[in-house]
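Counting starts at 1 for both ligands and their atoms, in listed order. Computed from a predicted structure; not experimentally measured.
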Amino acid sequence: MKIIGEKINGTRKRVAQAIAERDTAYIVNLAQKQRAAGAAWLDVNAGTHPSQEPDDLIWLIETIQAEVDTPLCLDSANPAALRIAVKSVRHVPMINSISGEVERLEGILPIVAEYGCAVIALAMDGKKIPETAALRFEVIQKLVAETRRNGVQDSSLYIDPLAMTISTNIQSAKVAFETMRLVRQEIPQAHLTIGLSNISFGLPDRSIVNRFFLSMALMAGLDSAILDPLDRDIQAAIITSELLLGQDPYCLNFIRASRQGLFEKPAD
Ligand code: THG
């Protein structure tokens with residue numbers, strides 16, 4: 001599976017501070033560490049007020065790209081910020097995200113089509129997230145009709161079934177898995193992605209919830225996720241799940257990870 005590194009996100013306090021202070025070293029370090037940990041894209045979310053967002057996003061992009069060549073995933077709902085940002089990226093970016101919300105779709109889809117971006121499509125229209133897998137899939141079908149109409153290939157789509165926190169809705173992981181299965185069956189060329197850590201919000205021991213969720217989602221067809229690539233336990237879950245799903249020929253990745261000590265527990 002492909003990892004979208006989540007750490008450069010201005011809704012995190014320390015990152016917000018780095019953006020405000022134009023702390024280049026802090027941001028570059030986050031980018032380098034995530035690349036070294038195998039991120040295929042770096043999510044970049046300025047998390048600032050829409051009026052400030054274009055400037056902050058451009059600063060983040062230029063700061064990262066001066067040192068790291070990994071493709072970026074531009075995380076913003078603001079078409080104005082995205083339109084400026086796509087012009088300053090070195091590689092064709094992923095855009096995070098479109099949804100069925102009309103303004104967002106009409107603002108962002110033309111940018112995706114014009115620049116040939118990959119795009120995350122959220123299974124929601126308006127502000128409401130449908131409760132059932134069947135309803136989420138209906139939204140996805142409408143979105144896919146729109147992306148196709150605009151000439152975006154299904155293989156450029158990363159469909160996000162949305163992981164809602166399980167502490168307030170005990171069905172939420174199940175709904176996500178069922179939505180993934182429907183996408184896999186009906187839109188086989190499309191990719192799937194998910195913001196992994198939402199699922200465990202409000203629970204203790206979040207990391208273990210995230211890991212089991214990821215493993216089960218991989219079984220349901222997930223092939224990318226927005227997560228913390230520096231979390232060794234998550235990396236161990238990915239490598240072991242891929243082994244068991246027949247995606248690790250000759251068990252080479254698993255054995256290499258074991259030799260490198262990825263599965264070692266700290267001594268008592
Ligand atoms: N789907 C899509 N995009 C998304 C999400 C999604 N982007 C934002 C978010 N959800 C995923 N990104 C993050 C980034 C950072 C953190 C969590 C999700 C994070 N959280 C800390 C934690 O979980 O403990 C707390 C914050 C902090 O460190 O200050 O770091 O679902 N398409």
Side-chain angles (χ1 to χ4, degrees), residues 1-20 26-27 29-31 33-34 37 39-48 53 57 60 72-78 81-82 85 93-101 104-105 108 112 117-125 127 129-130 136 139-140 143 147 156-169 172-173 175-177 179-180 183 190-211 213-214 217 222-231 233-234:
M1 67 159 289
K2 298 262 173 74
I3 295 174
I4 305 168
E6 74 178 12
K7 298 197 86 75
I8 304 177
N9 190 312
T11 64
R12 303 176 65 215
K13 253 191 170 155
R14 186 61 188 83
V15 174
Q17 184 192 339
I19 294 169
Y26 185 79
I27 298 296
N29 183 253
L30 284 184
K33 280 204 259 185
Q34 293 186 98
W41 293 275
L42 302 178
D43 191 85
V44 183
N45 183 328
T48 40
E53 194 182 357
L57 203 52
L60 283 168
L72 302 180
C73 174
L74 305 174
D75 188 350
S76 167
N78 178 350
L82 287 172
M94 182 183 289
I95 289 190
N96 185 6
S97 50
I98 56 172
S99 71
E101 194 186 334
R104 186 160 171 175
L105 193 60
I108 298 176
V112 171
C117 304
V119 64
I120 297 178
L122 306 181
M124 62 186 286
D125 50 13
K127 300 275 175 224
I129 298 167
R136 283 192 203 176
V139 173
I140 291 164
L143 270 167
T147 53
S156 296
L157 295 179
Y158 288 73
I159 294 170
D160 183 342
L162 293 168
M164 305 311 294
T165 175
I166 200 156
S167 64
T168 56
N169 176 0
S172 72
V175 169
F177 299 144
T179 309
M180 289 179 203
V183 172
H191 300 279
L192 285 162
T193 198
I194 200 129
L196 184 64
S197 63
N198 296 6
I199 195 73
S200 61
F201 193 78
L203 287 176
D205 292 308
R206 293 183 61 182
S207 172
I208 196 157
V209 179
N210 294 346
R211 269 178 274 159
F213 178 61
L214 180 59
L222 189 77
D223 62 355
S224 74
I226 306 166
L227 53 77
D228 178 1
L230 306 183
D231 183 328
D233 291 330
I234 288 178

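At the shortest separation from atom 3 (N) of ligand 1 among protein heavy atoms lies Asn96 ND2, 3.0 Å. The nearest protein atom to atom 26 (C) of ligand 1, hydrogens excluded, is given as Arg12 CG, 4.0 Å; this is a heavy-atom distance. Protein heavy atom in closest approach to atom 22 (C) of ligand 1: Arg206 NH1, 3.9 Å. Given atom 14 (C) of ligand 1, the protein heavy atom at minimum distance is Glu6 O, 3.5 Å. Considering only non-hydrogen protein atoms, atom 5 (C) of ligand 1 sits nearest to Gly195 CA, 4.2 Å. Atom 7 (N) of ligand 1 has as its closest protein heavy atom Asp75 OD2, 3.1 Å.
Judged purely by distance below 3.5 Å, without hydrogens or angles, the side chains of Ser200 and Asn210 pair a donor atom with an acceptor atom. In this structure, a donor-acceptor pair under 3.5 Å is absent between the side chains of Ser76 and Asn78.
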With a 3.5 Å cut-off and sequence neighbours excluded, list the donor-acceptor pairs that the side chains of residues 13-20 form with protein atoms.
{"from": "Gln17", "atom 1": "NE2", "to": "Glu21", "atom 2": "OE2", "distance (Å)": "3.4"}

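Looking at Leu122 against ligand 1, only its side chain comes within 4.0 Å, counting heavy atoms. Contact annotation for Asn45 and ligand 1: no heavy atom of the residue comes within less than 4.0 Å of the ligand.
Close to ligand 1: Ser197, with a non-hydrogen atom less than 4.0 angstrom away. Under a 4.0 Å heavy-atom criterion, Arg14 is not in contact with ligand 1.
No N or O atom of Asp43 sits closer than 3.5 Å to an N or O atom of ligand 1. At least one N or O atom of Asn198, backbone or side chain, sits closer than 3.5 Å to an N or O atom of ligand 1.
Applying the side-chain contact (heavy atoms from CB on, under 4.5 Å) test to Ala85 and every residue at least two apart in sequence or in another chain returns Leu57, Ile61, Leu74.
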